[in-house]
Undergrad: 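One structure, pasted below without further comment.
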Amino acid sequence: MTGAGTERAALQQRLDFLRRIVGKEAEHLTGTTERLFRDTEDLTPDAVRQWIDDPVLSERLDAFVSRFSRLQDTLGDKLVPALLDWTGEPRGPAIDNLDKAEKFGWISSADEWLSYRQLRNQMVHEYIEDLQVLAEALDRGRAFVPELLGVARALTDEVDRRLHNK
């Protein structure tokens, strides 16, 4: 195999790997979201305090933040750049890659994606310190999960289409 052929084969393996990982991460986030928010309509600082004080709910909270962050990172920082490589598009800084992902219809909005990345940072860095900020961030995170899962499906479908002509 030539150098270019070897690189292409390695990229195909990476895309297949990322497709599988995204599927698993999406499945785990779905389950954790359902379990954590099952009995919660309005997320208040008091409800978040109860979650933090309860060992089982605290672990679910940690799992939600971790799985939300992991899936967003895998999609935006790994799968989008790998798909850009596959298509021959030059990749650059994250915002440029997200702009291209929006142009291709892989995500609905690069700006929105960046706002949810900031949200993820709030959930991680504000954790326990300001319960109002944390409650709001978790509520917005919960509302974003369907969009995040939709992006995961769209990107994994794109990988299947490009690699396996599905």
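This chain uses plain numbering: 1 for the first residue, then up along the sequence.
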Undergrad: Applying salt bridge (charged side-chain N to carboxylate O under 4.0 Å, His left out), run through Glu27 and Lys24 and close with a yes or a no.
TA: CA-CA 5 Å; Glu27 183 179 319; Lys24 290 176 186 176; over 6 Å; no
Undergrad: Nearest heavy-atom pair of Ile52 and Ser58: which atoms, and what distance?
TA: O-CB, 3.7 Å
Undergrad: If you measure from CZ on Arg153 to CG on Leu148, what distance do you get to the nearest 0.5 Å?
TA: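 Rounded to the nearest 0.5 Å, the CZ-CG separation comes out at 10.0 Å.
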Undergrad: Counting only heavy atoms not in Asp53 (residues, nucleotides, ligands), do more than 12 fall under 6.0 Å from its CG?
TA: yes
Undergrad: Which donor-acceptor pairs under 3.5 Å do side chains of residues 73-89 form with protein atoms, sequence neighbours excluded?
TA:
{"unit_1": "Asp73", "atom_1": "OD1", "unit_2": "Arg117", "atom_2": "NH1", "d": "3.4"}
{"unit_1": "Asp73", "atom_1": "OD1", "unit_2": "Arg120", "atom_2": "NH1", "d": "2.5"}
{"unit_1": "Asp73", "atom_1": "OD2", "unit_2": "Arg120", "atom_2": "NH1", "d": "2.9"}
{"unit_1": "Thr74", "atom_1": "OG1", "unit_2": "Glu25", "atom_2": "OE1", "d": "2.9"}
{"unit_1": "Thr74", "atom_1": "OG1", "unit_2": "Glu25", "atom_2": "OE2", "d": "3.2"}
{"unit_1": "Thr74", "atom_1": "OG1", "unit_2": "Arg70", "atom_2": "O", "d": "2.9"}
{"unit_1": "Asp77", "atom_1": "OD2", "unit_2": "Arg117", "atom_2": "NH2", "d": "3.1"}
{"unit_1": "Asp85", "atom_1": "OD1", "unit_2": "Arg91", "atom_2": "NE", "d": "3.1"}
{"unit_1": "Asp85", "atom_1": "OD2", "unit_2": "Arg91", "atom_2": "NE", "d": "3.3"}
{"unit_1": "Asp85", "atom_1": "OD2", "unit_2": "Arg91", "atom_2": "NH2", "d": "3.2"}
{"unit_1": "Thr87", "atom_1": "OG1", "unit_2": "Leu83", "atom_2": "O", "d": "3.4"}
{"unit_1": "Thr87", "atom_1": "OG1", "unit_2": "Leu84", "atom_2": "O", "d": "2.9"}
{"unit_1": "Thr87", "atom_1": "OG1", "unit_2": "Glu89", "atom_2": "N", "d": "3.4"}

Undergrad: Would you confirm whether Ser115, through its side chain, and Glu112, through its main-chain N or O, come within 3.5 Å as a donor-acceptor pair?
TA: yes
Undergrad: Determine whether a donor-acceptor pair (N or O, by modelled atom type, separation under 3.5 Å) exists between the side chain of Thr40 and the backbone of Leu43.
TA: no
Undergrad: Answer yes or no: is there an ion pair linking Arg49 with Asp46, defined by an N-O contact shorter than 4.0 Å?
TA: no
Undergrad: Does Arg19 reach the main-chain N or O of Leu15 with its side chain, forming a donor-acceptor pair under 3.5 Å?
TA: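 No.
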Undergrad: Working to the nearest 0.5 angstrom, can you tell me the gap between Leu114 CG and Ser109 OG?
TA: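 Here the rounded value is 8.0 Å.
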Undergrad: Can you tell me how far CG of Leu155 sits from CG of Asp160, rounded to the nearest 0.5 angstrom?
TA: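 Result: 11.5 Å between the selected atoms.
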Undergrad: Could you tell me the separation between the CG atom of Leu61 and the CG atom of Leu138, rounded to the nearest 0.5 Å?
TA: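 Leu61 atom CG to Leu138 atom CG measures 5.5 Å (nearest 0.5 Å).
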Undergrad: Verify the distance criterion only: is there a donor paired with an acceptor across the side chains of Glu147 and Ser108 at less than 3.5 Å?
TA: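 A donor-acceptor contact under 3.5 Å links the two side chains.
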Undergrad: Under 3.5 Å, is there a donor-acceptor pair between the side chain of Glu102 and the main chain of Ala110?
TA: yes
Undergrad: Which of these passes side-chain contact (heavy atoms from CB on, under 4.5 Å) with Leu71: Val145, Leu29, Val151?
TA: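 By the side-chain contact (heavy atoms from CB on, under 4.5 Å) criterion, Leu71 pairs with just one of Val145, Leu29, Val151: Leu29.
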Undergrad: Classify the side-chain pair Arg67/Thr32 by whether it contains a donor and acceptor separated by less than 3.5 Å.
TA: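 Looking only at side-chain atoms, Thr32 and Arg67 do form a donor-acceptor pair, the distance falling under 3.5 Å.
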Undergrad: Check whether the side chains of Gln118 and Gln122 place a donor and an acceptor atom closer than 3.5 Å, and report yes or no.
TA: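 Side-chain D/A pair, Gln118 to Gln122: absent.
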Undergrad: Would a line drawn from the ring center of Phe37 to the ring center of Phe64 be shorter than 6.0 Å?
TA: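 When the ring centroids of Phe37 and Phe64 are compared, they turn out to be within the sub-6.0 Å range.
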Undergrad: Trp113: what forms a ring-ring contact (aromatic ring centres under 6.0 Å, His included) with it, not counting sequence neighbours?
TA: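 Scan of Trp113 (ring-ring contact (aromatic ring centres under 6.0 Å, His included), adjacent residues dropped) gives none.
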Undergrad: Which distance, rounded to the nearest 0.5 Å, do you find between the CD of Gln12 and the NE2 of His164?
TA: 6.5 Å
Undergrad: So how far is it from Gln13 CD to Phe17 CZ, rounded to the nearest 0.5 Å?
TA: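 Rounded to the nearest 0.5 Å, the CD-CZ separation comes to 11.5 Å.
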Undergrad: Before accepting this row, confirm whether a basic side-chain N of the pair Arg162/Glu158 lies closer than 4.0 Å to the acidic partner's carboxylate O.
TA: yes
Undergrad: With a 4.5 Å heavy-atom cut-off, do Pro90 and Lys100 have their side chains touching?
TA: yes
Undergrad: Output, in order, the C-alpha distance, side-chain angles, deciding distance and verdict of side chain to side chain contact (heavy atoms under 4.5 Å, CB included) for Trp51 and Leu36.
TA: CA-CA 9 Å; Trp51 286 358; Leu36 180 61; 3.8 Å; yes
